[in-house]
Amino acid sequence: TERVLAIPEVQALFPKGLAEMLDFEEKEKFIVIRPRQFLGSENFAKIASIVREAGGEYISAGKESHFRLPK
């Protein structure tokens, strides 16, 4: 069977300090990751790198911007 990512696995990709800055939400095909606060360029870059390495992407949409990982 196909392996499906769960939120705890996705959270585990991030160092604790970064994970605490993020909200994780399960959608039908993706785990959506939204910042809880302003990340700053350094944290944003770290998060974007982790998401990309895991096969995800950043969706730029103004206030609705988020990262997402396929499940």
Side-chain angles (χ1 to χ4, degrees):
T1 57
E2 209 177 300
R3 203 173 150 310
V4 176
L5 270 181
I7 287 177
E9 291 172 89
V10 174
Q11 286 172 322
L13 298 172
F14 298 92
K16 189 169 170 28
L18 282 183
E20 288 170 352
M21 295 179 183
L22 303 169
D23 278 326
F24 298 84
E25 183 185 355
E26 208 160 321
K27 299 274 193 192
E28 192 180 336
K29 295 183 175 166
F30 298 97
I31 302 279
V32 174
I33 305 165
R34 287 194 173 83
R36 290 184 178 175
Q37 62 196 67
F38 179 71
L39 296 172
S41 56
E42 195 175 314
N43 287 329
F44 179 91
K46 286 180 193 166
I47 293 164
S49 172
I50 292 166
V51 169
R52 270 196 305 276
E53 278 179 36
E57 61 188 330
Y58 177 68
I59 306 298
S60 180
K63 283 195 183 302
E64 291 299 305
S65 295
H66 58 278
F67 298 94
R68 71 180 188 188
L69 273 172
K71 290 209 292 199

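Not measured: the values here are computed from a predicted model.
Taking the charged nitrogens against the carboxylate oxygens, R36 and D23 do have a contact shorter than 4.0 Å, which makes a salt bridge.
Enclosure of atom CD in E42 is not indicated, since only 12 or fewer non-hydrogen atoms of other residues, nucleotides or ligands lie within 6.0 angstrom.
Distance check: R34 CZ to H66 NE2 gives 6.0 Å after rounding to the nearest 0.5 Å. The structure places CG of L5 at 6.5 Å from CG of L69, a figure rounded to the nearest 0.5 Å. Distance NZ/K29 to CZ/R68: 10.0 Å, rounded to 0.5 Å.
Placement of F24 and V32 in two distinct hydrophobic clusters is found when ILVMFWY residues are connected by side-chain heavy-atom separations under 4.5 Å, directly or transitively. I7 is not connected to I59 by any chain of hydrophobic side-chain contacts under 4.5 Å among Ile, Leu, Val, Met, Phe, Trp and Tyr, and they are in different clusters.
Heavy atoms only, all atoms of each residue included: K27 and K71 are closest at O-NZ, 2.8 Å. What you find for P35 and S65 is that their closest heavy atoms are CD-O, 4.4 Å. Nearest heavy atoms, P70 versus G55: CD-O, 3.5 Å. Residues N43 and M21 approach most closely at ND2-CE, 3.3 Å, considering heavy atoms.
The side chain to side chain contact (heavy atoms under 4.5 Å, CB included) check on A48 picks up F44, R52, F67, with sequence neighbours excluded.
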All N/O donor-acceptor pairs, side-chain side in residues 8-19, below 3.5 Å, sequence neighbours left out:
unit_1, atom_1, unit_2, atom_2, d
E9, OE1, R3, NH2, 2.4
E9, OE2, A6, N, 3.0
K16, NZ, E20, OE2, 2.6

